[in-house]
Amino acid sequence: MTEALNPGQKKAVTSHRGPMAVIAGPGSGKTRVMTHRIADLVSAGVSPGSILAITFTNKAADEMLRRTIALLGPGRGALFPTSGFLGPSSLDLDEGTPVLRTFHSFCARLLRRHLHRIEPYSGRFSIYDTADQQQLIGTILKELKLDRTSFPPRATLSRISHWKNHMTSPEQASEESTTFREKELARIFFRYQELLEERDAADFDDLLILVVRLLREHPDVLERLRARFEYVMIDEFQDTNRPQYLMAKLLAEEHRNLCVTGDPDQSIYSWRGASPDNFLRFREDFPEHIVITLDQNYRSTPQILEVAGRLAGSEFGERKLFTDNPDGAEVRVQQLRDERAEAAQIADHIESWQEEGCAASEIAILYRVNSLSRVFEEEFVRRRILYSVVGGMSFYERKEVKDILAYLRVARSTRDDVALQRIINVPARGIGKVSIERFEDAARDAGRSLGEHLRCLDGHDEIRGKAKKGLAQLRDVIETLSENVGAPLSAQVAVAIEASGYLSHLERSEPESWQERERNLEELVAAATETQEILSSVAARAQNDPEYEEIDPMSLFLERIALVTDAEMRTEEKGQVSLMTLHAAKGLEFDRVIIAGVEESLIPHSRHGEAAGVEEERRLLYVGVTRAREQLLMTHASWRRRFQEREPRIPSSFLVELEGTSIVFERDQALVKSSSTWGQTNWHRSDPGDDEDDGLHPGCWIRHEILGRGVIVRAQGHGASKRISVRFEECGEKQLVVGYAPVTPISPPDEEWEPC
DNA sequence: ATGACCCGCTTTTTT
DNA sequence: AGCGGGTCAT
Ligand SMILES: Nc1ncnc2c1ncn2[C@@H]1O[C@H](COP(=O)(O)OP(=O)(O)OP(=O)(O)O)[C@@H](O)[C@H]1O
């Protein structure tokens with residue numbers, strides 16, 4: 001198998017030693033460089049096992065491994081089996097396989113082996129996901145007597161995560177805090193970290209931070225890893241954070257073979273502590289590095305790139321892209337009446353594209369927030385369009401699945417109190433709020449975890465009667481599960497469902513949906529079986545490796561569930577349209593892309609983080625636009641249902657900036673009617689020079705086709721992109737873009753209508 | 001003291 | 001819609 005490389009790519013692929021940064025725009029072949037470079041290293045005789053390649057998602061890792069094997073050809077590729085996430089469990093061994101993983105999965109695997117060296121953790125540490133974290137915060141708020149309205153768990157966690165991603169310790173956070181609120185947050189942070197340690201648990205941020213600590217505090221581990229991974233590569237470098245960079249630096253600063261690829265213009269995860277400033281740090285720490293820029297786009301038509309370029313504007317995109325690709329269809333922007341009309345229109349497009357012969361798997365619908373997927377799903381089900389939603393509410397986030405997983409976690413570790421709290425009275429065993437509180441207090445006073453305290457239940461009697469019986473019952477269930485830890489994974493899962501009496505609980509408490517939920521549990525058993533099979537085959541292959549060290553299967557099973565989102569596990573079936581957020585679309589490409597809900601307050605989102613601001617929103621749309629190969633369509637609705645209300649919507653301000661490109665703007669027919677200020681002409685009247693009096697000044701009255709009558713309170717800008725704030729009689733103040741909003745100046749209403 | 005039931009708030013993006 | 005927090009019947 002061979003694939004073309006341009007001179008820049010070739011240089012990047014064949015420069016094996018020394019630091020290198022490949023900085024290039026979308027579709028310029030960065031990912032292709034990564035795969036070819038791995039293959040080239042191996043062809044040059046480098047041991048595959050000495051290559052560490054970090055990708056942004058697990059899916060990208062699998063894909064890269066697959067492509068590398070294909071490049072090497074059947075003889076060579078067979079050298080390293082496709083083991084994916086569950087692959088060889090001990091990273092220090094198995095020289096035959098390159099390690100292709102995300103930072104998080106790489107770290108988790110490393111910590112399984114080495115975390116016992118950091119007090120007070122063990123190699124069986126639990127990984128806490130967002131739900132676990134939130135539960136922990138809930139516990140802490142109760143303990144510190146803070147209320148959840150002033151410290152919403154979500155926001156609290158994001159503050160804590162921000163500190164952690166900047167490697168700020170709770171002590172430092174407390175010192176730096178000036179306001180009362182910040183100080184309280186720092187207190188929560190302190191306790192949060194304390195409890196994680198007590199519970200032998202790591203959250204996602206800890207996985208990274210603990211590895212940095214491990215490498216700093218244990219030189220022998222660092223030495224071994226440096227010797228093992230002689231070539232380090234990182235993809236999507238613009239979206240790495242502090243701990244990730246430190247880790248890369250620690251691994252590579254001696255041999256200096258660090259290759260990073262990325263595109264600052266596609267940096268969209270600053271809210272997670274990521275920053276393209278890592279490129280600057282790289283330049284300082286590896287001053288002898290070479291920079292390779294690629295500026296030819298192989299993916300998209302000139303029409304799509306024109307839109308991308310305009311979106312980038314002068315803000316970014318100094319790396320101008322050019323393409324030799326032939327002209328394609330015009331980029332279109334469609335306005336629809338409401339979200340249902342939008343979904344119907346999109347379904348129409350998909351049907352006609354499929355008739356043209358476009359494969360469903362080459363079509364993607366992208367949106368800013370997951371909640372938008374629902375209306376599409378409903379429409380697609382009705383129209384029998386096959387689709388698959390990437391992300392959103394995943395299988396492993398279902399309540400029933402999380403409950404059973406909690407049983408498995410409790411059986412594995414007496415320190416995992418979040419898991420125990422989750423199932424202490426599920427199914428109901430007569431242990432109520434008050435009993436739980438007493439039990440927790442007693443455990444804390446005794447200096448024990450809940451799990452330990454439950455074990456020696458008979459030794460104390462702060463709880464009696466029904467609740468005590470319930471606790472004893474729970475203890476016995478956990479006992480049964482613990483005795484089973486050696487059994488095959490699927491058997492362990494089955495026993496958890498069985499011993500807990502979960503099925504009858506479901507039937508009792510979920511009269512509507514118990515059947516579906518039961519099916520989910522069956523699927524969980526099946527997932528365990530599958531994991532077991534993969535692990536057995538990995539173990540079989542490693543048999544002649546005397547140093548092969550097996551990590552317990554349940555740890556790996558739970559780890560995979562925590563770190564590999566279910567979208568990534570789902571085997572991609574052909575013939576399905578993909579639905580996902582703009583974030584999830586990063587790094588992917590499709591023949592035809594529809595970006596839905598391109599409306600103000602959605603993109604740019606009304607609650608974008610303050611640090612990165614609207615510019616990150618702009619980059620996000622830029623990422624979405626540049627996913628398309630042949631055809632791009634953006635839609636926006638004039639009305640959108642949110643919660644129970646129907647809200648009027650105005651088009652994204654980013655669309656206004658796209659006037660004057662080859663984009664075709666189309667309005668919903670039902671809205672066109674006869675309004676004189678609304679028409680094609682508006683689209684081309686953005687020149688501030690020929691500003692005629694449009695009758696739209698503060699104090700003037702207007703009529704909006706949908707919103708009714710209102711008075712202008714503010715006006716900004718000129719021509720079609722002029723923005724006005726209008727106080728409507730019916731629905732309060734709204735912002736409108738003159739070029740989009742169907743507004744007509746009217747004379748002020750008669751005085752007699754005014755209240756006197 | 002427990003648990004069934006109702007109400008109000010919430011929804012940005014994710015490893 | 002889904003969860004925590006409240007109320008009320010057992
Ligand atoms: N030298 C080349 N000749 C022809 N096609 C190429 C070349 N290099 C890359 N491509 C193709 O261009 C497309 C984009 O490449 P790739 O995904 O590697 O880009 P990228 O830089 O990683 O993009 P992004 O930053 O948007 O994720 C792919 O379909 C790839 O096969």
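All chains are named by letter (A, B, ...) in the order of the sequence lines, taking the proteins before the strands, and each is independently numbered beginning at 1. Only this structure's heavy atoms are used, side chains among them; waters, hydrogens and symmetry mates stay out. Since the model is a prediction, treat every value here as computed from it, not as a measurement.
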Tell me whether the OP1 or OP2 atom of B:dC9 has a side-chain N or O from A:Thr149 closer than 4.0 Å. no

Mind checking if A:Phe103 touches a base, just sugar-phosphate, or nothing, with heavy atoms under 4.0 Å? nothing

Is A:Phe204 stacked on the base of B:dT14 when the test is centres under 5.5 angstrom and planes under 30 degrees? no

Just to confirm, is there a sub-4.0 Å distance from OP1 or OP2 of B:dT2 to any side-chain nitrogen or oxygen of A:Asn425? no

If the cut-off is 4.0 Å, is A:Ser606 near the phosphate of B:dT12, judged by side-chain N/O to OP1 or OP2? no

Please report whether the ring centroid of A:Tyr269 lies less than 6.0 Å from that of A:Phe56. yes

Which residues in residues 162-169 of chain A have at least one heavy atom lying under 4.0 Å from any atom of DNA chain B? none

Presence of A:Arg154 side-chain N/O under 4.0 Å of B:dT10 phosphate oxygens OP1/OP2: no

ring centroid sep under 5.5 Å plus plane angle under 30, A:His583 with B:dT13: no

A:Arg649 and A:Ser601 have their tightest heavy-atom pair at NH1-OG, 3.4 Å

Closest nucleotide of DNA chain C for A:Arg374 versus for A:Lys433: which of these residues is on the 5' side? A:Arg374

Mind checking A:Arg438 for me? I need base, sugar-phosphate or nothing, with any heavy atom below 4.0 Å counting as a touch. sugar-phosphate

A:Arg112 to A:Phe125 six-membered ring, cation-pi geometry met (6.0 Å, 45°): yes

Per the salt bridge (Lys or Arg N to Asp or Glu O under 4.0 Å) rule, what does the pair list look like for residues 424-442 of chain A, sequence neighbours excluded? A:Asp441-A:Arg444

